[in-house]
Amino acid sequence: MVFCILTIQAFSQHDLIKLNSGWKAKKAVEVVVDGTVISGKDFKFYDWMDAVVPGTVLTTLLHNQKVPDPFFGMNNELIPDIYETGADYYTYWFFDEFKVPELKEGEQVWLKFRGINYSAEMFLNGMKINPDTHEGMYLREKYLITPFLEKGINRLAVLVHPSEPVGAPNGQGGDGIIARSVAMQFTAGWDWICPIRDRNTGIWDEVALEIAGPVDLLDPYVQTKVPGKRVPGGNQAAAIVSTSADLFNSTDMIQSGKLTARCGKVEVSKLVTIPAGEKITVSLPEIKIENPLLWWPNGMGDHPLYQVEFSFVGDNGVLSDIESVNFGIRQTGTRFDDKLHARIFSINGQDVFIKGGNWIASDALLRLSSKRYDTDVRMHAEMNMNMIRVWGGSMTERPEFYDACDKYGIMVWQDLYISGDCNGRWFDPQKKESQERRRAYPDNHSLFINTVIDQVKMLRNHPSLYLWCGGNEYPPPADIAKKLSTDIFPKYDGARYYLEQSTSTDLAKNSLGGNGDGPYSIQNPLNFFTITSFPFNPELGSVGIPNVETMRKIMEEKDLVLPTQHGENPTWSYHKYIPYDNFIDQYGKSDGIEDFCKKAQLVNYEQYRALQEGFNAGMWTTYSGMLVWKNQNPWTALRGQFYDVFLEQNGGFYGYQHGAKPLHLQLNLNDSSVCLVNQTFFNLKDLTVSAEQFNIHGNTLSKDQYTTSILANKVSVLKKIKTPDPKESVYFLRLKVMDKDNQIKDENFYWLSEPGKSYEKLNELKQATLESELKTNTKGVKSVIIRNPGKETAFFIRLKILRENGGELALPVFFSDNYITLLPGESREVSVDCSQLPESISLKSLWFELEGWNVKNYSLKME
């Protein structure tokens with residue numbers, strides 16, 4: 001069998017050599033020899049599969065077409081579950097070969113694993129290299145392999161076992177047994193996902209070689225202090241940067257030298273001596289940054305990054321190791337407001353109203369990449385969110401996820417590996433063990449603690465990492481919780497806030513003194529204004545049916561049968577559909593899947609805009625923030641999402657985007673008042689507010705215009721909207737706010753109905769024919785100008801990009817706005833960004849297409 005050998009032709013000292021190709025795999029029970037033989041020179045490979053590394057057993061099987069796509073239809077039912085087969089079925093050998101460049105005197109080679117699920121034994125060139133069995137999904141491992149290396153080809157064999165016990169699937173974390181391990185709990189199934197059959201067993205994260213000198217520089221740490229209350233832009237008072245690093249002496253001799261940290265032209269250093277075989281932590285003198293560029297959350301300001309270069313040079317003048325750290329200059333803060341009964345979070349001295357959502361994973365099968373992370377996080381930034389919560393039934397997210405959050409200004413709330421469902425918050429008859437037993441999970445408390453220490457060190461330099469949380473809806477066991485709060489976090493990441501659980505009363509208290517989250521089903525939009533939620537709600541969810549193109553990617557045409565009051569098609573249920581109650585029918589009975597999905601986008605848009613606007617209305621008087629459950633799904637689910645697993649945004653994406661704009665003019669549904677929301681840190685004067693009402697055909701019913709001002713980070717209730725003549729049972733309201741130069745800063749378009757009336761009158765709209773024109777400005781940014789030259793309103797216009805005329809959607813694409821409405825004679829310019837499309841898609845083949853409620857489909861070639 002021929003292997004792809006990774007050879008470094010031109011090696012730069014201290015580079016990371018990723019082992020991400022050429023891997024092979026085979027089920028362990030089919031291999032009759034051990035790792036010393038497999039990694040030996042004479043072992044012959046028969047019937048080994050090409051393996052996906054980083055990846056899982058299931059992604060390798062999928063790559064080799066041994067299993068069907070579990071994301072489609074009911075295919076997941078065709079894949080054996082580990083609970084039924086036993087762990088041996090998904091226990092696999094993984095094998096790779098590599099070469100290393102010629103080593104200089106004193107250089108050492110390290111083999112690094114950033115994530116193996118769950119336990120593993122490693123062999124290199126006929127020798128076992130890990131003295132202790134690796135255990136734990138998230139714990140990084142690093143092995144000194146210089147003594148095991150051979151000239152030419154080196155042979156690496158890794159035996160990976162699933163976690164045990166794996167537990168029965170389905171339910172909220174299955175029977176709960178999955179939580180006895182320090183692993184991803186949702187793989188046993190949840191109310192939004194079906195079980196991952198191998199529980200994501202495999203070498204799921206990066207494998208790499210690192211070459212360093214006798215002293216290895218580990219876990220460099222950068223902390224920043226930004227004293228005082230700051231505002232974005234302008235000259236800034238100085239900031240303080242503190243740096244430290246661990247140094248490990250990999251030799252049997254004392255090593256001495258100089259540790260240096262360099263930031264721009266500023267350099268600090270310290271002379272150190274490291275005993276043989278020991279590791280020390282070295283703190284360096286503070287660095288003062290004059291007039292720093294501060295890191296601000298999305299919508300508040302820019303998010304610039306600095307870099308510190310750490311290096312260790314021995315007494316002989318030879319560079320031993322070097323590491324670079326990107327960081328942002330900012331200071332976090334938090335306090336509990338007794339009047340609000342909620343915790344308030346701040347950046348650089350400014351209170352930040354939290355607008356965000358919950359995150360599970362980029363992909364349920366852990367097919368992760370920097371590019372996908374960048375697209376995922378940009379989705380959140382485009383929606384004007386400023387925080388993502390990484391939910392506790394999932395994982396500590398990868399550095400590439402945090403890189404994207406750093407770039408886009410998204411603060412991250414990172415849960416640890418605890419959930420109320422699996423870890424015993426509630427009595428649950430579906431769980432195998434008692435509530436009290438589950439409260440002691442996981443079985444290995446030392447592994448949990450060591451994993452947290454390791455992951456904190458991996459992530460703590462990211463300015464986007466805002467807080468740590470002990471668990472989802474429940475804290476870790478008492479001994480773990482105490483050690484985390486009094487020892488681990490103060491020692492390893494003392495500047496960040498630690499919350500014991502997501503529903504802690506340290507986060508918020510309701511009127512009865514407790515706290516919670518939810519609900520998770522569709523709501524009357526009015527409820528978001530009239531029913532008070534938790535002062536800070538960490539989970540508030542709703543519906544999320546995608547567009548029809550996605551529905552056809554999820555299931556066969558025969559299964560695209562509309563749900564009724566008696567239930568839905570089994571495939572819909574399998575993909576966790578939750579009902580829309582009568583909200584879709586308010587627009588008239590759907591006559592097929594396309595009509596149903598089109599109307600669902602209207603409901604999605606209205607639902608999520610109202611959700612955020614309800615919280616806006618109570619900013620700082622009732623609420624300090626809210627996190628939607630959830631922003632996306634890591635598989636083909638039919639609930640709780642702004643965009644689907646294929647990266648296509650639904651109506652809820654753009655509804656929320658409008659509701660969450662930092663400067664926003666909205667209609668408070670409870671009393672029909674116009675409300676101006678300023679979530680920026682600047683006082684704004686000489687603003688012009690416009691409120692226009694139209695009948696559905698675009699004829700003006702009323703118009704009001706006036707000037708106003710608003711203080712920074714405040715809400716101002718303005719005039720009330722007068723309800724039009726009752727004969728206008730459905731009507732439009734357009735709100736605009738403009739600056740002193742008459743530039744539109746926010747525009748919000750509502751379709752409204754008389755109380756108790758449906759929206760079926762919208763079906764009286766005649767067909768509208770649109771015109772469009774593509775533009776490219778001097779910076780290469782593309783946009784489309786859409787015109788409505790007719791005499792009828794063009795309602796709820798959807799923009800999309802196709803791979804070819806009449807072909808599949810090209811994804812992902814970012815529009816500056818979508819699902820827009822043009823009254824007769826109006827036009828709108830919308831920017832179109834196709835820069836994150838896969839390289840396999842030719843930009844020359846793309847077509848722009850329009851469709852809408854009453855719009856004749858229109859397409860135009862992009863070039």
Side-chain angles (χ1 to χ4, degrees), residues 547-549 594-595 597-599 601-602 605 648-651 653-655 657-658 690 692 694-700 731-734 736 738 742-744 746-751 762-811 813-835 837 842-863:
N547 281 298
V548 69
E549 294 92 343
E594 294 191 6
D595 192 39
C597 290
K598 179 174 69 175
K599 290 171 178 172
Q601 303 322 310
L602 280 158
Y605 191 110
E648 217 268 311
Q649 304 97 334
N650 63 39
F653 180 100
Y654 293 97
Q657 179 189 70
H658 275 271
S690 169
E692 301 170 279
F694 307 90
N695 70 12
I696 64 170
H697 302 291
N699 299 315
T700 301
Y731 58 98
F732 298 141
L733 171 67
R734 181 163 58 197
K736 290 191 292 187
M738 295 157 283
N742 211 36
Q743 295 297 306
I744 296 175
D746 185 42
E747 182 173 343
N748 212 1
F749 191 90
Y750 297 88
W751 51 100
L762 290 168
N763 293 309
E764 297 176 11
L765 290 171
K766 297 181 176 64
Q767 187 180 70
T769 301
L770 302 177
E771 298 173 351
S772 65
E773 173 190 351
L774 291 168
K775 289 176 55 179
T776 304
N777 66 16
T778 55
K779 295 182 179 180
V781 177
K782 292 186 180 296
S783 63
V784 58
I785 300 173
I786 307 164
R787 300 184 181 91
N788 180 10
K791 298 181 180 181
E792 182 62 283
T793 299
F795 181 60
F796 212 61
I797 306 163
R798 179 191 174 198
L799 289 64
K800 52 187 180 179
I801 302 296
L802 306 181
R803 291 190 178 207
E804 55 187 26
N805 194 13
E808 291 186 358
L809 292 175
L811 299 171
V813 172
F814 289 92
F815 297 101
S816 58
D817 200 1
N818 210 332
Y819 299 98
I820 63 176
T821 295
L822 294 178
L823 301 179
E826 291 185 338
S827 63
R828 179 80 60 86
E829 184 170 352
V830 177
S831 67
V832 184
D833 185 353
C834 300
S835 62
L837 288 173
S842 169
L843 298 181
K844 295 181 180 180
S845 68
L846 299 179
W847 282 72
F848 169 74
E849 184 169 292
L850 294 172
E851 64 182 33
W853 180 264
N854 62 317
V855 174
K856 182 179 180 181
N857 283 24
Y858 177 90
S859 58
L860 180 71
K861 192 167 177 56
M862 286 291 286
E863 287 199 344

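Numbers for residues simply follow the sequence, beginning at 1.
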Undergrad: So Lys800 and Glu549, do their side chains get closer than 4.5 Å, heavy atoms only?
TA: yes
Undergrad: With rounding to the nearest 0.5 angstrom, report the CD to CG distance, Glu808 to Leu802.
TA: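 Spacing of CD (Glu808) from CG (Leu802) equals 10.0 Å.
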Undergrad: Indicate the atoms forming the closest heavy-atom contact of Asn818 with Leu799, along with that distance.
TA: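 So the two residues come closest at OD1-N, 2.7 Å.
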Undergrad: Suppose we screen for side-chain contact (heavy atoms from CB on, under 4.5 Å). Which residues come up paired with Ser690, at least two apart in sequence or across chains?
TA: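 Partners of Ser690 by the side-chain contact (heavy atoms from CB on, under 4.5 Å) criterion, ordered by chain and then number, come out as Glu692, Lys703, Gln705, Lys736, Met738.
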Undergrad: Evaluate the criterion side-chain hydrogen bond (donor to acceptor under 3.5 Å, both in side chains) for residue pair Asn854 and Glu792; output intermediate values, then yes/no.
TA: CA-CA 9 Å; Asn854 62 317; Glu792 182 62 283; 5.3 Å; no
Undergrad: Would you say the side chain of Tyr605 lies within less than 4.5 Å of the side chain of His658, judging by non-hydrogen atoms?
TA: yes
Undergrad: Between Lys598 and Phe796, what is the shortest heavy-atom contact and its length?
TA: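 Minimum heavy-atom separation between Lys598 and Phe796: O-CE2, 4.5 Å.
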Undergrad: How many angstroms lie between atom OG1 of Thr821 and atom CG of Asn788, to the nearest 0.5 angstrom?
TA: 10.0 Å
Undergrad: Please enumerate all residues that pass ring-ring contact (aromatic ring centres under 6.0 Å, His included) together with Phe653, with sequence neighbours excluded.
TA: none
Undergrad: For Phe815, run the side chain to side chain contact (heavy atoms under 4.5 Å, CB included) check against Asp833, Ile801, Ile820 and tell me which one passes.
TA: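 By the side chain to side chain contact (heavy atoms under 4.5 Å, CB included) criterion, Phe815 pairs with just one of Asp833, Ile801, Ile820: Ile801.
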Undergrad: Any side-chain heavy atom of Cys834 sitting closer than 4.5 Å to one from Val832?
TA: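 They are in contact (side-chain heavy atoms under 4.5 Å apart), so the answer is yes.
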Undergrad: Work out which heavy atom in Ser845 is nearest to a heavy atom in Lys861; give both atom names and the distance.
TA: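 Residues Ser845 and Lys861, closest heavy atoms: CA-NZ, 4.0 Å.
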Undergrad: Nearest 0.5 Å, please: how far is CG in Leu850 from CG in Asn857?
TA: 8.5 Å
Undergrad: Looking at CD of Gln657 and OH of Tyr819, how far apart are the two atoms once the value is rounded to the nearest 0.5 Å?
TA: 12.0 Å
Undergrad: To the closest 0.5 Å, what do you measure between CD (Glu851) and CD (Glu594)?
TA: 8.0 Å
Undergrad: Could you check whether any side-chain heavy atom of Leu846 comes within less than 4.5 Å of a side-chain heavy atom of Leu837, counting everything from C-beta outward?
TA: yes
Undergrad: May I ask you to test the Tyr858-Ile786 pair for a side-chain heavy-atom distance under 4.5 Å?
TA: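 No, too far: nothing below the 4.5 Å cut-off.
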Undergrad: Any non-hydrogen side-chain atom of Glu747 less than 4.5 Å from a side-chain atom of Arg828?
TA: yes
Undergrad: Examine distances only and state if a side-chain atom of Gln649 and a backbone atom of Val813 form a donor-acceptor pair shorter than 3.5 Å.
TA: yes
Undergrad: Can you tell me how far the CZ atom of Phe814 sits from the OG atom of Ser831, to the nearest 0.5 Å?
TA: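 These two atoms lie 11.0 Å from each other.
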Undergrad: Where is the tightest heavy-atom contact between Met862 and Phe848, given as atom of each residue plus distance?
TA: SD-CB, 3.7 Å
Undergrad: Under 3.5 Å, side-chain donor or acceptor atoms of residues 766-775 against the rest of the protein: list the pairs with distances, not counting sequence neighbours.
TA:
residue	atom	partner	partner atom	Å
Glu773	OE1	Arg787	NH1	3.4
Glu773	OE1	Arg787	NH2	2.9

Undergrad: Report the C-alpha separation of Phe795 and Phe732 in whole Å, then their side-chain angles, then the decisive distance to 0.1 Å, and conclude whether the ring-ring contact (aromatic ring centres under 6.0 Å, His included) test is met.
TA: CA-CA 10 Å; Phe795 181 60; Phe732 298 141; 5.6 Å; yes
Undergrad: Quick one: are Phe694 and Thr793 in side-chain contact, heavy atoms under 4.5 Å?
TA: no
